[in-house]
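Comments concern the structure below.
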Amino acid sequence: MPTLQKTIVTTLIAGALLAPFATQAQSKTRKLPFVQQEWSKDYRPFRIAGNLYYVGTYDLACYLIATPKGHILINTGLEESVPLIRKHVQALGFKFEDIKILLATHAHYDHVAGIAAIKKATGAKFMIQEKDAKAMTDGGASDYALGSHGATFEPVEPDQLLKNGEIIKLGTMQVKLLHHPGHTPGASSFSFTVRDEKRAYKVLIANMPSILDETRLSGMPGYPEVGKDYAKTLATMKNEQFDIWLSSHASQFSLHEKHKPTDPYRPEAFFDKAGYDKSLAGLKKRYDEKLKQK
């Protein structure tokens with residue numbers, strides 16, 4: 001398969017929710033429209049850089065930012081993965097109950113279905129970009145592309161709504177929200193700095209702007225400006241600065257090529273500006289092709 005074609009296929013699959021899909025699953029009375037086996041498959045947690053850790057599954061990326069004042073968890077994966085995340089946090093030597101803040105890159109069930117359970121277990125505050133608040137409160141039923149499937153996760157009332165550029169603070173840790181809409185109206189990336197004994201690392205957890213098959217860039221009933229938002233996000237993300245970039249899906253930033261479960265601590269493995277640029281170029285090509293469709 002040619003390199004560019006392979007890149008596009010990879011990013012579309014990683015963007016989640018394109019057919020064919022491996023299995024269908026049901027969470028209580030909510031039937032999930034699409035599920036992939038890699039979303040629930042276990043993966044050994046590890047230290048990425050400084051006080052940043054990977055605690056997600058094989059493909060659904062979840063990140064723990066550990067601080068003396070408690071911890072920030074970004075994304076939760078599926079509801080069934082909550083026990084796995086708890087196990088991962090504890091395996092790294094931290095207390096699950098010390099999670100104080102819950103964040104999410106966007107309000108799709110493969111990244112937020114565990115929010116309700118973790119919030120109940122820890123008492124953590126849940127914060128999300130304001131334009132994804134409605135989808136969180138109705139379990140995704142109002143999602144412009146996936147809402148036809150009904151609620152796909154347990155509804156959660158956010159404790160705080162975030163705007164572009166807002167800083168989330170916990171102790172001395174500061175995490176900046178970057179609003180990158182399109183995939184959802186409130187889709188966001190996170191930028192912050194972590195440090196180890198050697199140096200500081202600027203990290204970008206990028207919400208890569210993949211486009212679902214259901215999306216019409218000319219406008220959707222629940223999201224008329226979707227095409228314009230994608231264009232703005234693709235242009236904006238080209239200019240983001242970082243040392244390390246990660247994303248909502250492990251496959252989006254080639255985690256399994258950069259890190260093996262037995263590898264030692266090596267932040268440099270995630271220095272990959274070329275990979276980031278290539279991925280964005282593939283998504284821009286997908287956008288241009290999709291734009292031609294009626």
Side-chain angles (χ1 to χ4, degrees), residues 45-56 60-77 82 85-86 88-107 111-112 114-115 118-119 121-130 132-133 136 156 158-180 186-207 237 240-248 250 253 255 259 265-271 276:
F46 67 97
R47 183 187 184 198
I48 299 171
N51 58 315
L52 174 65
Y53 301 82
Y54 187 92
V55 295
L60 294 184
C62 307
Y63 303 98
L64 187 78
I65 303 174
T67 87
K69 298 293 184 180
H71 315 314
I72 299 171
L73 180 67
I74 302 176
N75 289 349
T76 67
V82 171
I85 294 173
R86 177 191 287 269
H88 290 170
V89 170
Q90 293 172 339
L92 291 167
F94 303 109
K95 293 181 179 179
F96 187 74
E97 295 75 16
D98 284 345
I99 294 172
K100 303 298 183 185
I101 295 175
L102 292 167
L103 301 174
T105 50
H106 62 276
H111 306 293
V112 301
I115 292 282
I118 295 177
K119 182 171 168 54
T122 64
K125 289 185 177 181
F126 172 51
M127 308 176 186
I128 195 154
Q129 209 285 333
E130 58 186 355
D132 268 4
M136 289 304 308
V156 182
D159 295 293
Q160 185 175 336
L161 302 183
L162 303 171
K163 298 180 183 296
N164 182 45
E166 193 154 354
I167 306 296
I168 302 102
K169 298 179 181 179
L170 184 61
T172 59
M173 193 71 207
Q174 297 190 22
V175 177
K176 185 177 183 179
L177 181 141
L178 306 172
H179 187 208
H180 291 152
S188 299
S189 303
F190 296 100
S191 177
F192 52 92
T193 298
V194 295
R195 295 172 176 80
D196 62 15
E197 301 77 12
K198 294 181 180 180
R199 55 164 291 179
Y201 306 88
K202 186 171 184 180
V203 178
L204 177 69
I205 296 180
N207 191 91
M237 291 187 73
E240 297 297 350
Q241 301 297 311
F242 53 85
D243 298 308
I244 289 171
W245 81 280
L246 311 161
S247 194
S248 304
F253 64 99
L255 167 63
H259 175 85
Y265 173 68
R266 193 167 74 90
E268 295 80 8
F270 300 97
F271 288 10
Y276 177 82

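Of all non-hydrogen atoms in N51 and T67, the two that sit nearest each other are ND2-CG2, 4.4 Å. Residues G50 and Y265 come closest through the heavy atom pair N-OH, 2.9 Å. Nearest heavy-atom pair across K69 and G171 is CG-CA, 3.7 Å. Residues T105 and I205 approach most closely at CG2-CG2, 4.2 Å, considering heavy atoms. Nearest heavy atom pair, residue M237 against residue A206, reads CE-CB, 3.9 Å. In plain terms, the two heavy atoms of I85 and C62 that are nearest each other are CD1-SG, 3.9 Å.
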Candidate pair L178 and L204, rule side chain to side chain contact (heavy atoms under 4.5 Å, CB included), full reasoning
CA-CA 10 Å; L178 306 172; L204 177 69; 3.8 Å; yes
Check against salt bridge (charged side-chain N to carboxylate O under 4.0 Å, His left out), D159 and K119
CA-CA 10 Å; D159 295 293; K119 182 171 168 54; 2.5 Å; yes
Might you work through the side chain to side chain contact (heavy atoms under 4.5 Å, CB included) test for L246 and L52, ending with a clear yes or no?
CA-CA 11 Å; L246 311 161; L52 174 65; 3.8 Å; yes
Test side chain to side chain contact (heavy atoms under 4.5 Å, CB included) on S188 and N207 and set out the steps.
CA-CA 6 Å; S188 299; N207 191 91; 5.9 Å; no
Give the intermediate values and the outcome of side chain to side chain contact (heavy atoms under 4.5 Å, CB included) for residues F190 and L177.
CA-CA 5 Å; F190 296 100; L177 181 141; 3.9 Å; yes
Output, in order, the C-alpha distance, side-chain angles, deciding distance and verdict of ring pair (Phe, Tyr, Trp, His ring centres under 6.0 Å) for Y54 and Y63.
CA-CA 5 Å; Y54 187 92; Y63 303 98; 5.8 Å; yes
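We find the CD1-OG1 distance between I99 and T76 to be 10.0 Å, quoted to the nearest 0.5 Å. Put simply, CD on Q129 and CG on L162 are 7.5 Å apart, with the number rounded to the nearest 0.5 Å. With rounding to the nearest 0.5 angstrom, the OH atom of Y53 is 11.5 Å from the CD1 atom of I65. Between the NZ atom of K169 and the CD1 atom of I101 there is a distance of 11.5 Å, given to the nearest 0.5 Å. We find the CZ-CG distance between F126 and L73 to be 11.0 Å, quoted to the nearest 0.5 Å. One distance of note links CG of L161 with CE of M136; it measures 11.0 Å at 0.5 Å rounding.
Salt bridge status for R199 with D243: present, with a side-chain N to carboxylate O gap under 4.0 Å.
In this pair, F242 and Y276 present their aromatic rings perpendicular. The plane angle is above 60°, beyond the 30 to 60° band. Classification of the H111-H106 ring pair by plane angle, with boundaries at 30° and 60°, yields perpendicular.
Residues L102 and I118 meet the side-chain proximity criterion, which asks for heavy atoms closer than 4.5 Å. Side-chain contact between H180 and E240: present, with at least one pair of heavy atoms (C-beta onward) separated by less than 4.5 Å. A 4.5 Å side-chain heavy-atom check between E97 and H71 finds every atom pair outside the cut-off. Using a 4.5 Å heavy-atom threshold, the side chains of Q160 and K125 count as separate. In this structure, V194 and V203 have side chains that are in contact, with non-hydrogen atoms separated by less than 4.5 Å.
Annotation: ring pair (Phe, Tyr, Trp, His ring centres under 6.0 Å) contacts of Y201 (sequence neighbours excluded): none. K163 is linked by a salt bridge (Lys or Arg N to Asp or Glu O under 4.0 Å) to E130, counting only residues two or more places apart in sequence or in another chain.
When atom types are taken as modelled, the side chain of H88 and the backbone of V55 share a donor-acceptor pair closer than 3.5 angstrom.
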